[in-house]
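Following: one structure in structure tokens, then a few remarks.
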Amino acid sequence: MYSISKKINIGPQALIAKNFFSNDEIIPAAVTTFTCCDCGHTNTITIRPYESGFPIFQIYSEDKVLSKTELLRNKMVTETSARMIHFGALTVTDLPTLYFGAQCESCHAKYIAVFSYGEKQPGLTVLNISGVWKYEDSE
Ligand SMILES: [Zn+2]
């Protein structure tokens with residue numbers, strides 16, 4: 001798991017085994033797999049609340065990694081509704097949204113995963129993985 005700081009080009013979306021987790025499923029971590037688009041290897045991803053990921057804001061701030069338009073076009077995030085705007089302009093299901101970079105264990109193709117985590121309503125904490133996309137460095 002790593003952060004991304006330079007411009008990237010988004011490629012195809014990888015297949016993920018499970019993208020929605022709630023309450024006990026997230027403790028101590030949400031665990032799922034994605035299938036590499038290039039080699040078909042099944043990669044495990046482990047997301048630990050308050051530990052895994054980096055704020056999605058760092059991606060679209062000054063279009064540093066991806067522009068807001070690119071994030072929206074690839075359906076990685078949606079525009080945050082007005083009452084949840086304190087979580088940032090772009091989120092997944094109006095909850096605090098994070099991302100991380102990961103490499104295929106087998107062929108080392110690069111991927112970006114986007115997810116949100118938080119209390120959807122009292123007593124219901126959810127973790128929603130928007131998706132895992134292959135990417136290439138822009139330059
Ligand atoms: Zn691979």
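Order of listing sets the numbers, starting from 1, for every ligand and every atom in it.
- Taking 4.0 Å as the cut-off between side-chain N and carboxylate O, D137 and K6 do not count as a salt-bridged pair.
- Listed by chain and number, the residues in a side-chain contact (heavy atoms from CB on, under 4.5 Å) with E105 are H41, N43 (sequence neighbours excluded).
- The backbone N or O of T93 lies less than 3.5 Å from a partner atom in the side chain of K120, making a donor-acceptor pair.
- Residues passing the side-chain contact (heavy atoms from CB on, under 4.5 Å) test with S22, sequence neighbours excluded: F20, E25, L124, V126.
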Throw together a table of side-chain donor-acceptor distances under 3.5 angstrom for residues 49-56, partners on residues two or more places apart or in other chains.
unit_1	atom_1	unit_2	atom_2	d
S52	OG	R48	N	2.6
S52	OG	R48	O	3.4

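- Linking Ile, Leu, Val, Met, Phe, Trp and Tyr whenever their side-chain heavy atoms come within less than 4.5 Å leaves L95 and I129 in two separate clusters.
- Near-neighbour remark for the Zn ion (ligand 1): protein N, O or S atoms under 2.8 Å are C36 SG, C39 SG, C104 SG, C107 SG; waters not counted.
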